[in-house]
Structure formats: C-alpha cells, structure tokens
2 protein chains.
Amino acid sequence: VDELIEQVRNGRRRVLARLITQVENSEPEAQAAVAALYPHTGRAHVIGITGPPGSGKSTLVNELAKELRRRGLTLGIVAVDPSSPFTGGALLGDRVRMRDLSGDSGVFIRSMASRGNLGGLARTTADVIKVLDAGGFEAILVETVGAGQAEVDIAATAHTTVVIEAPGMGDDIQTNKAGILEVADILVVNKADRPGSEATVKALKFMLHLNPVGTTERHHGKFMEVAAGNQQAETADWQVPVLETVASEGKGIAALADQVLAHKTYLQGSDGWLAHETVRSRREIERLLADRFMAYLRAAVPAGERERWITAVAGRQIDPYTAVEQLFEQVRQRTFQDGVSDVR
Amino acid sequence: VDELIEQVRNGRRRVLARLITQVENSEPEAQAAVAALYPHTGRAHVIGITGPPGSGKSTLVNELAKELRRRGLTLGIVAVDPSSPFTGGALLGDRVRMRDLSGDSGVFIRSMASRGNLGGLARTTADVIKVLDAGGFEAILVETVGAGQAEVDIAATAHTTVVIEAPGMGDDIQTNKAGILEVADILVVNKADRPGSEATVKALKFMLHLNPVGTTERHHGKFMEVAAGNQQAETADWQVPVLETVASEGKGIAALADQVLAHKTYLQGSDGWLAHETVRSRREIERLLADRFMAYLRAAVPAGERERWITAVAGRQIDPYTAVEQLFEQVRQRTFQDGVSDVR
C-alpha cells in the first residue's frame, strides 16, 4: 500500500487508471487505498460543470480545460454521465472532443459509466476525485449531465460549480432557472451567438436579482444541511456572474477561466474552503453510514426473511412504516442477543 | 383516524388536500394516516411523465389528462418539480396550463415544492401517490423535470413511464437517449411539427434497436436491484413505442393515451404489475430503513460528538471510512450497553 501511495502521489498514470477502475468496481482494496491516500487530499480545486443536454457542455469543458492548461494548471477531468448505460457517456461525442487534450501529461481524463446505480455514482465520483487530488492534479473538472440528485450531490463535492445554459431552452425556463440558482457559483450562457442569448442572460440576471434569499443565503443554500452558524465567515459576498460564451469558437473562455479562479481565491480568502470541506465530509459520512447499516442489516436478517417483508408490503398485508419499525427492532435485538456475525 | 380514512376513501377533496400538506410537511400524524390508508392502495395506475426543459412536458400532461378524462378515468395529477425552491414549479406556467382541468371533480391536481431536499422528494411523492390511490383516483399522473436520481426514483414508483423529447435537443443527444432507454415504457417526440422531428424519432428508434440488452432486459433494467428470477413472467414483450405529438394542438394525444392504457393492460396480463409492486416496496423499505437508522444514530451519538467526527474528516485527521467504522461500532455498543433512549 505504501508503494501504491507513493506512485499515486507521483501521478503515475497507469497506477491512477488502475486504482480508479478498482474504485469504479467497488473492489475492497480500492477502499483501503483511498483511505490511505486521504491525508494527501484536500489541495485540488474541484470544479463542477453541469448543464442540460444541448447546452454544449462537453465542448465548453474541453475549451476551459485547454485554457486552464495554458495557465499552467495540471488537470483531472472526470466526465460523469449517469444517463448512459452503454459507454460512460461517450457513444460518439466526448472521446472525440477530448482528443485535443489526450497526450498531454498534465491532463488525466476519465469518463465514468454507471449502470443505473445513481446513488453509487456520487460515492464513486467522490473517491475518484480523491485519487486525482492525491495524484497532485491542481484542478479537477467534473462534468455532469442534467440537474437531478446526482448533480446536486456532485455540486456539493465541487468547490466551484459552473452551470451552463443555452439560449431559449424553452417553456420550462423559469423552473429550470430557479433550481440553478441553488447550486451555481458561475452561470454561463453558451452558444451566445444564437438568437435569444441576450434574453436568456437577462432572465438569469433577473432570477438572481429576484431570488428572495440573497447572495449569501443562496450560496449557503448549496450547503443546506449545515447549521447557519457554521459558515458566517463565508458571507463575504460572491456575486454570481452571468457569462456569455461560444465554446465552439473559444469565445468567452478566458473570462470564464478568470471567474473560476476568482471563485477559488474568494473561497480561500473567506472560510469558504473549510466550510466546503466540512459539508463534503458530513455528506460523505452520512452516505457511508447508511451503506454500513444496510450491509449490517443484510448480515443480521437472512435474505429469505427480508423477501417476506417485501412481499408482505407489496401485497398490502402490512404497511411499509410498520414493517420497517419491526425490521429495525429485530436488527437491534439480534445485535443484542446473538452478536451478529457481520459479513460485509 | 377511522373517520379520516373514510373521508379519504370517499375522495373528499378538502381532506385529501389537508392530508397531502401534512405529508409534505412530514407531520407525524400524516405517517400514521398513510399507514392506515395503505391497505386501501394498490389500485391506481401510476403514470410517470418526464422530459427535459423545453420538451413541452406540462402542456402534454395537460392534454393527456383531458384525453384520459374524456375516456372516463378519474385522475390525480402530481407535478413534482425538484428544481424550484420558490413555488413548486409554478412561477408562471403550470397553474395557468392546468386551468382547463380545475373545477373538474374527477381531477385532483397537486404541485409539489421541495427546497433542496431531493431525497425527501421521492419519499413524499410516494406518500402523496398513496393518498390519491386510496382516494379512489383511477390514474395518477406524476410529472417530473429532468432525468436525475429523483426521476429514476419516481420512475420506479410509476407503473408506466412516459419520456418526452423535443426535436433537435442538441449535441448531447446520444448520451441523453441512452439514459432514457432505461426508464421509458413509452417515448414521445413532442413538438413534432418542428424541424428535425423525424430525425429525432429515427435516432430514438435506432437507440432502441441498438440497445444490446434487448426489450425484456431493458424493461428489467428499470428494476435493477431485483434478482432476475423474480420477474421472469414480465418477459412477455412490451415494445417501447416512439410516438409523435404536437401537444399544443392536441395532435397525437389519443394515440398516446391508447399506448398508456395498453401498457397497463400489458402489465396486468403479465406478472408485471405485481413485480412492480415488489420493486416499489423494496425501495421504499430500504429508504425508510436508512432514515430510521439515521434517526437512531442521532439519538445515540450527541450532536457535538458527531460534529467532532465531521471536523476530523474535513481536517484530514482521519479518513471517512475509518471514521464511519468507529462511529458505527459506537452506535452498536451504546445500543448494547445503555439502551439508547430513542427520540425520533
């Protein structure tokens, strides 16, 4: 393990790739390795980039990555695509686009697949980020699709979240924008050469202005679970900028890179960086605890018995709340009486 | 409680509305009421409708609802919008659109808000569906935005999942489509009068054809966690149709209603209906168990102590896996030694 850690810390690409594969496959060695690497993490600037299909997100990630490289930063890129059961989101598009960056030893690109297990995706992504962080990459771009739970989880993992829109995304625009305000540190209207771009920028700015909770609380909104008192220092204002880009022509990318780095400086200047780590740790601990309990339950209650509970609920012989109460009580008592042999 | 149940079962609107509000607020009485109603659920046909911003989803839900009403079905409509922290997704659009249906005593419409708590949303939606199911509504339309975890959870709640696209949704089209295949029972290209509709239909059909796992497994893909053996009877083929609609003009809506009802017949004819209930029950039990454990943990480990663990992980003094292992062991031992006073 010591040798592995040394190799990861030296950014040995083949070692990184192998370890990430083990993380993706949830191999037990992987967890031990990530645990051992953990003290060497916490330095990378994690940048989440999300946007709906059609916003030109992948092109923008590619261009932003090239810009950050020009500025001398080493980069990890994690393309998370929970919606592709096939090839980790790279049926045709991503791999082609990323060609510009491959062969650059200062860049490590990983496209992640997920066969339906979206809960697992947030966990796996968090561990892949740790590996790249320990591997010494200075910035880690995490590209996600959509705006669902996985995205919110991943946004909570990122220090800086960039949300991309395209002009005229249609009649759900208000509701869509409202959700964006909760996670975005930087808003980008990509494809800004298309008609309607100005209107989209205006709408976004209006929504930012409308937002009754204000800049500070909006930013805190991202960290919903944290008691307000924890992060007062973060209240130094970060004004969410609304930028226009035409990623396919490289337009506006330098300004975006400026804002991404400005947000990092902002976080480091306030207590935002530490507050972020605290939130991330809280979420991770809660997620791991829930997993741990379920593994324990599987050891404590035989599969056949678990199936009987499920069948009874499905058949309406018992309601789910009562079933869960009884199951939980059973786990507690077996712990007490028998000392459950805890196979994980 | 008996009187409440009677009133819900008689579809008393004010009682339904009040109970749903209690469910949304997670009031303890609500859980007792839903538990008591549970034996009276399981009859409604739950239809999930999802699609990205700009696909014209709300209009389509409205038109489909009117069509199903014309066919004599009573309807519950649940508009779930996890992305709006403001007004439950109805800043401007939904309420206006739904005006056609309000005043119809055979329809009950509920727009649900969620302030960031997406995990809670799936749970709350599941309970609202139960209330409407017990209230005697024959079909329940559940409208969701996007394609994230919440959508997958809600798709698992629905018997029939309709996924809507609009023509030319952009360059992420392949990855987007791949995810759709996992949850869709029916695919709809709305706004089919726009350019590119035919190409989108072709792309969808091609993706369905390409899909290496085949129709049967695709449908099972929706029920990922279930051992394959459980649902063999569902293998009678359901061919996912790709329909074109222009919801704003009511075009194609009758054909969509036909397919929605055909899918219900298909599920009832195979063991699909029961298989669905089993999966839904399993997910619900797992979700409730995880919640139960976290409540128990909060009672067993004082807040200050929990904070110390989080701070240690955030500060890299301990890795999260070791922290969780020790925390979990502590919960077990306290259970054993002290008999934790279990405040929920």
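Lettering follows sequence order; numbering is per chain, from 1.
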Kindly give the heavy-atom pair with the smallest separation between A:L288 and B:V324, and that separation in Å.
CB-CG2, 3.6 Å
Qualifying residues under side-chain hydrogen bond (donor to acceptor under 3.5 Å, both in side chains), relative to A:Q317, sequence neighbours excluded
none
Once rounded to the nearest 0.5 Å, what's the spacing between atom CG of A:L297 and atom CZ of B:R292?
12.5 Å
Show the nearest heavy-atom pair for residues A:A290 and B:A290, with the distance to one decimal.
CB-CB, 4.4 Å
Here the gap from A:D291 atom CG to B:Y321 atom OH, rounded to the nearest 0.5 Å, amounts to 10.5 Å
Of the listed B:A32, B:A312, B:P39, the one with the largest count of heavy-atom pairs under 4.5 Å with chain A is B:P39
What distance do B:D319 atom CG and A:E284 atom CD have between them, rounded to the nearest 0.5 Å?
9.0 Å
Which word best sums up how the rings of B:F293 and A:F293 line up, parallel for under 30°, tilted for 30 to 60°, or perpendicular for over 60°?
parallel
Rounded distance (nearest 0.5 Å) linking atom CD1 of A:I310 with atom OG1 of B:T278:
8.5 Å
Is there a side-chain contact between A:Y296 and B:V331 (heavy atoms, below 4.5 Å)?
no
Options A:L37, A:T41, A:L274, A:V34, ranked by heavy-atom pairs under 4.5 Å with chain B, top entry
A:T41
Between B:V313 and A:Y38, is the side-chain contact (heavy atoms from CB on, under 4.5 Å) condition met? List the steps.
CA-CA 9 Å; B:V313 169; A:Y38 189 74; 3.1 Å; yes
Counting C-beta onward and ignoring hydrogens, is there a side-chain heavy-atom pair between B:H40 and A:R316 closer than 4.5 Å?
no
By a 4.5 Å heavy-atom criterion (distance strictly below it), what part of B:I318 contacts chain A: side chain, backbone, both, or neither?
backbone
